[in-house]
Engineer: 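Structure incoming, see below.
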Amino acid sequence: MSAPILAVENLTLAFGGLNVLTDVSFAVQPGQIFAIIGPNGAGKTSILNCIGGFYRPRQGRVLFDGQDISRVAPDKRAALGLARTFQNIALFRGMTVLDNIKLGRHAHLRTGLLPALAYWGPAQREELELRREVEETIIDFLEIEHIRNQPVASLAYGLQKRVELARALAMRPKVLLMDEPVAGMNLEETEDMARFILDIKEERDITIVMIEHDMHMIMDISDHVVVMNFGQKIADGTPGEVQHHPEVIKAYLGEKQQR
Amino acid sequence: MRIGDFKETYAADEAVFRTPTVRFWLWALAAALLVFPLLAGEYLIYMANITAVAVVGAVGLNLLTGCTGLISLGHAGFMGVGAYTSAILITKFGVPFILTLPISGLAAALCGVIVGAPSLRMKGLYLCIATLAAQVILEFTFVHWESLTHGIRGLNVPAPTLFGLSLASGPAFYYVIMIVAAISVTASRNLFRTRVGRAFIAIRDRDISAQLMGINLFQYKLYAFALSSFFAGMAGCLMVNLLKVVTPEQYPLHLSIQYLAMIIVGGLGSILGSILGAIFMTIVPELLRSALGLFQGLDPQIMSYLFPLQTVIFGALIVGFLVFEPHGLAEMWRRAKAYFRLWPFEY
C-alpha cells in the first residue's frame, strides 16, 4: 500500500463535558472514494470539521500528504489542496454561479490589492485565464452552462449542490471532503451526482472523503467505509465487510431482544 | 429590445460595458460632464462638486459596508482625517495640493486599519459601536489638538494650485474632482472583477465558509477598511480644498449616518448604487428647498413653517425607499433595464 494522502490519528474532540469524538483514527489512500457513515449525531461532520480546521481537536493529529496540518489555519489548508462541500449548502448567495466557482480558485490566484484596482496586465490575464479554465473544465463538466450567470439564491436545491461541487473543484483539491452530497435529492439527481463523483475520482485523480446516508450509493461507489457511532469508530473496511459487521448491524438495527 | 448580443471571446464577455449602445451612452455622459461647467452657473457647479465628492465617499463606504458587510459609523471621522491631513500639509509645510490627495488617503487608511483591527472578532452591532467610538475619538481629537488643528476655529486653506495653475474657480476645480471621482468608481468596479472583490463579497455572505475556501479573513477585512478609508480620506481632501476651510463640525456623526443612508437608498453592495445614492442625498434636499421656496411669495411668514417641512419630507422619502425598494435605486435601474431589454414584448 502506498502512503495515505490523508490520515487522522487518535482524534478526540469534546465540547465541555460532551465527548464528540473519541480516539478516532483512519487513513485514506490516494484515489479512493472513502465513505464515513453512521447514525445521526455519530460525529461524522465533526471529523470533517477537524480535517478542514474549523474545529481544533482536543487530542490527535491530522496528516495531509505526509505533513502534520493540525496547527495550520483553515485558509492555509485550503491552499494545500483540501476542498469541502457542506451538508446545508454554503454558497455565497449574493454572487452569480460563475463568481461562486471563480471564488474557489482564490488561494491559487496571485492578484494583489493594487493590481486588482487597476485590472491591468497580469491581473487581467489571470482573470481571463481563470474564466477560460472554469468554463472549459468545470462548467462544461458539470453541465451547468445554462445557469452560469444566475444568482445562486434563485436556483433549485439540486443545482445549488452541483454549483457547490463546482466551487470545490475550482479549488484544485487533492482531497475533496463532501458532506452529504446527495441528501434530499431524488433518484435521478442522486444518480447524476454519483456519476460526477466517479468521474472526478477517475479523470482528475482527486481523492474523495464523503459522508452519506444513502446506503445504495455508498455500497455502489465507495472503495472503503468507516462506520461511526457515538463518536467512536466501530468498523472500517470495504463496503462488503462493514455490511456484515455485527457492531454495524447493532448500531443501525438494534440488538435482538434476549428471551 | 436587445438583439444580436453574442460574444466570441471570454474577454468580451468579461467586459464591464458589453454592448455598443452602453458604450455610446457612457461616452455621451462623459461629454456632458465635460461641457457642463461651460454652460452651468456658479451654483450648479458647486452642487456638482459636492455631489462628486459625496460619490467618492459613498463608493468607499459601500466597499466596506455594502460589499464586505462590515458596518461603519466612523466614515465621517475618516473623511475628517483626510481633510485635516491635507489642510495641515498645505498650510504648515507648503505641500502642493495634488500631493496631499494620496497622502490624505493614506493617513485615513492607516486610521481605518487601526479601527478595523478588532473587526476579526466583532460583527454587526458590536462593530457598529466600535466604529462609533472611533468617530467620537476622532471628533474629539479635531477639537482638542489645538496646536495642530486650531480647535473649533479650524484651518483656512489657500486656493489650490495644480502645476502652477490656479484652481481657485469652481469650474477648474470641478475637473479635478470629476477625475478623482471617475478614477474611484473605475477602480472599485475593477476590484470586483478580480479575486479581491470576490473575497469581500464572500466574507459578507458567509465568512466561515469563505475561510474554508482559502480566504484569509483578517487580511481581507483590513483591506476593506483600508480601501474604504482611503476613499474617505481623498473625499475629505477634496472637500477642504473646495470649501477652503476645515472645522471639526464639518465631520460629525451625523455625516457618517448620512453616508450610510446614501448607500442604503442607492443600493448596498452596488457601485452604481453608491453613485445614485450620493446624487439623491445631495440634490434632493436642495430641490426640496427650492420647491418650497416657490411658496414664499404667498406669505412671508410661510417659510418658518415650510423650512422644517423639508426635513420631514426628506425623511419620509428615505423611509419610503426602505419599505418599497430595500435594494435601492440601483435595483430600480436594473428592473427598468430588464423591462426594456424585451420591450415591446412581454416575454
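Here is the naming used below: chain letters follow the sequence lines, and residue numbers restart at 1 for every chain.
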Engineer: How far apart are the closest heavy atoms of A:Thr111 and B:Val196, and which atoms are they?
Structural biologist: O-CG2, 4.0 Å

Engineer: Kindly determine whether B:Ile215 and A:Asp75 satisfy side chain to side chain contact (heavy atoms under 4.5 Å, CB included), including the steps that lead there.
Structural biologist: CA-CA 5 Å; B:Ile215 294 166; A:Asp75 49 298; 5.7 Å; no

Engineer: Heavy-atom cut-off 4.5 Å, strictly under: side chain, backbone, both or neither for A:Ala90 against chain B?
Structural biologist: both

Engineer: Kindly give the heavy-atom pair with the smallest separation between A:Ala116 and B:Thr194, and that separation in Å.
Structural biologist: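 Looking at all heavy atoms of both residues, the shortest contact is CB-OG1, 3.3 Å.
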
Engineer: Tell me the closest heavy-atom pair linking B:Arg198 and A:Asp99, and the distance in Å.
Structural biologist: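 Minimum heavy-atom contact is CD-O, 3.6 Å.
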
Engineer: Could B:Glu14 and A:Arg132 be called an ion pair, given the rule that one side-chain N must be under 4.0 Å from one carboxylate O?
Structural biologist: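 Not counted as a salt bridge, because no side-chain N and carboxylate O are separated by less than 4.0 Å.
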
Engineer: For B:Asn190 and A:Leu117, work out which heavy atoms get closest and say how close.
Structural biologist: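 Closest heavy-atom pair between B:Asn190 and A:Leu117: ND2-O, 3.1 Å.
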
Engineer: Is the count of non-hydrogen atoms from other residues, nucleotides or ligands lying under 6.0 Å from B:Lys123 atom NZ greater than 12?
Structural biologist: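 Not more than 12 within 6.0 Å, no.
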
Engineer: In Å and rounded to the nearest 0.5 Å, what is the CG to CZ distance from A:Leu113 to B:Arg195?
Structural biologist: 10.5 Å

Engineer: Does some side-chain heavy atom of B:Phe192 sit less than 4.5 Å from a side-chain heavy atom of A:Met95?
Structural biologist: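 No. Closest side-chain heavy atoms not under 4.5 Å.
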
Engineer: When only pairs under 4.5 Å are counted, which of A:Met171, A:His108, A:Lys102 shares the most heavy-atom pairs with chain B?
Structural biologist: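 Heavy-atom pair counts peak at A:Lys102.
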
Engineer: So what's closer than 4.5 Å to chain B heavy atoms on A:Arg167: side chain, backbone, both or neither?
Structural biologist: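 The answer is the side chain of A:Arg167.
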
Engineer: Using heavy atoms and a sub-4.5 Å threshold, report which of residues 203-213 of chain B line up against chain A, by residue number.
Structural biologist: B:Arg204, B:Asp205, B:Arg206, B:Ile208, B:Ser209, B:Ala210, B:Gln211, B:Leu212, B:Met213

Engineer: Is it the case that atom CG in B:Leu125 sees more than 12 heavy atoms from other parts of the structure closer than 6.0 Å?
Structural biologist: no

Engineer: If I measure from the heavy atoms of chain A, does B:Leu227 come under 4.5 Å with its side chain, its backbone, both, or neither?
Structural biologist: side chain

Engineer: For residues A:Arg131 and B:Thr9, determine if any side-chain heavy atom of one lies less than 4.5 Å from a side-chain heavy atom of the other.
Structural biologist: no

Engineer: Just so I understand: if I count every heavy-atom pair under 4.5 Å between each of A:Lys76, A:Glu135, A:Glu126 and chain B, which residue has the most?
Structural biologist: A:Glu135

Engineer: Using a cut-off of under 4.5 Å for heavy-atom pairs, which of A:Arg105, A:Arg84, A:Arg77, A:Arg110 has the most such pairs with chain B?
Structural biologist: A:Arg110

Engineer: Take atom OH in A:Tyr157; do more than 12 heavy atoms of anything else shown fall under 6.0 Å from it?
Structural biologist: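 Check passes, neighbour count above 12.
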
Engineer: Would you mind checking which part of A:Leu130 comes under 4.5 Å of any heavy atom in chain B, side chain (CB onward), backbone (N, CA, C, O), both or neither?
Structural biologist: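 Contact with chain B: side chain only.
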
Engineer: Within the supplied structure, the quantity of interest is the number of heavy atoms (other residues, nucleotides, ligands) at a distance under 6.0 Å from B:Phe324 CZ; does it exceed 12?
Structural biologist: no

Engineer: Distance check, rounded to the nearest 0.5 Å: B:Tyr10 atom OH versus A:Glu133 atom CD?
Structural biologist: 11.0 Å

